[in-house]
Every structure is written in C-alpha cells, then in structure tokens.
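Heavy-atom basis, side chains included; hydrogens, waters and symmetry copies ignored. Just so we're clear, the structure is a prediction, and the values are computed from it rather than from any experiment.
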Amino acid sequence: MARVYDPKPADQFHGKGTLNTEGPFTDVRRRVQPGLFNDIDRQWRQKWLKAQELTAREKAYHFFYLWDNPEFRKARLNPLRRLWQAPGEAFERALRPAMGLRWAFTAKYMVSKAMWATVGIWAVTYYGLFCSADWTTQGGWRYHISKPATYPHEESWPKKNPKFERTQASDYFDNGFKKNTVELKTSTPLQYHS
C-alpha cells in the first residue's frame, strides 16, 4: 500500500500549544451574563488585568533594543542576513550616543539606501558609456542627442550651425558608421563558381 502524504497542519506555536491566561471570559457578553461570572472569576479577571500593566522599566524598553539581543536576531534572521547587516548595525550602534535611537537607525537606513542607489547609478552610467549600441552591435542602448542651439557668439548666427546639419540620407541614424577605420569585406562570396 502506498504511503499518503498527510502532514500536520501549520501551527504558529510549533506544536507546543498555548496557555490562555485570560480565561473563558474574554468576551464582555460572557461576563455580564447572569450567574456565569462569579466573585472568583472577578478576582481572577482583576489579577489578570493587573498583570497586563507594564512597569516603568518595561515601558522604557524600546523596540530598537530588542534587535540588539543576539538570540532574537538569531531567531529572526538567517546567518547570511545577519552577516550582511553586521556593518550597518555596528555603524548604528556607534551613532546612538550622539543621535539617539531613532535618528541613528534613520541615518543607517538612509546611508545604506544611498549606497545602493550610488551602485545602481554607477552601473547604469557604465552601461550607457561603454556598452551602448553602435553600428557594430545588435544589442545595447541607443541614445540620440539633440542638436544644440545656435548662439550669437557662433559664426553661423542667426542660421543653424552647419556642423550639426544633415545634408545626405546617410547622415540619419549613422550610429558612428562614418567614423569607421576598419576595411569592410562582405561575408558572402560575390562569385559562386570560382
């Protein structure tokens, strides 16, 4: 007989179960129902509400400190991500005494995103300058430059600058072909029966 794949259903508590500390009287309608909510339940509810109040130390504990706990980070982040974030975290902890928690985190975030943006701009610029298309390639970016305006200090004023005018059909979409210095030969034979 073939084995049937029947996994356990997903459990956010990893099969350990939960402990309901509030009891059966979470809903206010059950607490106001006559004869159901007695004095013992009222005492339990009062103790439970008292336990939910945060102490001054707990209120002062900021969320940023939670990420400083190595066990919390280990539970939340995989090893590669922890390694990747280590320089930024060290930078943030160095800024905390001078800037405070919030602004140190903001500075780390902005500096890291600015570095990503810089790398992206460098990559786009490199590709645009050194991998752009010309007549020798099929791929790459093609860009067109507008003709500059003619100014009064130029010789051709008020007419257009002849250096940028196109006079022949071959001037259009040239892609640098006229600047070619390599001797061109056909790739197909001109005489088939030689």
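When the shell of 6.0 Å around CH2 of Trp141 is examined, it contains more than 12 heavy atoms from other residues, nucleotides or ligands. Shown here is Leu49, whose CG atom has more than 12 heavy atoms of other residues, nucleotides or ligands within 6.0 Å. Counting non-hydrogen atoms of other residues, nucleotides and ligands closer than 6.0 Å to CZ of Arg31 gives a total above 12. Within 6.0 Å of the CZ atom in Arg29, the count of heavy atoms belonging to other residues, nucleotides or ligands does not exceed 12. Within a 6.0 Å sphere centred on NZ of Lys160, other residues, nucleotides and ligands contribute 12 heavy atoms or fewer. Applying the 6.0 Å contact sphere to CD of Gln52 captures more than 12 heavy atoms from other residues, nucleotides or ligands. Annotation: Arg102, atom CZ; neighbour count of heavy atoms from other residues, nucleotides and ligands within 6.0 Å does not exceed 12. Atom CH2 of Trp48 has more than 12 neighbouring heavy atoms from other residues, nucleotides or ligands inside a 6.0 Å radius.
Residues Trp116 and Trp84 come closest through the heavy atom pair CZ2-CZ2, 3.5 Å. A pairwise comparison of heavy atoms in Glu71 and Asn69 identifies N-OD1, 3.0 Å as the closest pair. Nearest heavy atoms, Ala104 versus Glu92: CB-O, 3.7 Å. Considering every non-hydrogen atom in both Glu154 and Ala149, the closest pair reads OE2-O, 4.0 Å.
Hydrophobic cluster membership is shared by Val111 and Met99, with clusters built from Ile, Leu, Val, Met, Phe, Trp and Tyr side chains linked at under 4.5 angstrom. In the hydrophobic clustering of ILVMFWY residues, with side-chain heavy atoms under 4.5 Å counting as a link, Phe130 and Tyr127 come out apart. Two different hydrophobic clusters hold Tyr109 and Phe91 under the rule that ILVMFWY side chains link at heavy-atom gaps under 4.5 Å.
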Residues Leu77, Gln85; criterion side chain to side chain contact (heavy atoms under 4.5 Å, CB included); working and verdict: CA-CA 10 Å; Leu77 307 174; Gln85 290 183 352; 3.4 Å; yes

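Between Asn78 and Arg81 there is a side-chain heavy-atom pair separated by less than 4.5 Å. Within the 4.5 Å cutoff, no side-chain heavy atoms of Ile121 are placed close to those of Val124. Leu101 has its side chain out of reach of Phe63: every pair of non-hydrogen atoms, C-beta onward, lies at least 4.5 Å apart. Asp134 has its side chain out of reach of Phe177: every pair of non-hydrogen atoms, C-beta onward, lies at least 4.5 Å apart.
Here the CG-CD distance, from Asn38 to Gln43, works out to 9.0 Å after rounding to the nearest 0.5 Å. To the nearest 0.5 Å, atoms CZ (Phe25) and CZ (Arg45) are separated by 10.0 Å. Distance CH2/Trp44 to CD/Glu22: 11.0 Å, rounded to 0.5 Å. The distance from the OG1 atom of Thr106 to the NZ atom of Lys108 is 9.5 Å, given to the nearest 0.5 Å. Remark: Thr181 OG1 to Lys179 NZ distance equals 12.0 Å, nearest 0.5 Å.
For Asn161 (side chain) and Phe164 (main-chain N/O), no donor-acceptor pair under 3.5 Å exists by modelled atom type.
For Glu89 and Arg82, the salt-bridge test fails: no basic side-chain N is under 4.0 Å from an acidic carboxylate O. Checked for salt-bridge contact, Arg30 and Asp27 miss the test: no charged N lies under 4.0 Å from a carboxylate O. We find that Asp68 and Arg96 are joined by a salt bridge, their nearest charged nitrogen and carboxylate oxygen being less than 4.0 Å apart.
Ring geometry for Trp67 against Phe72 counts as perpendicular: the plane angle is over 60°, on a 0 to 90° scale with 30° as the lower cut.
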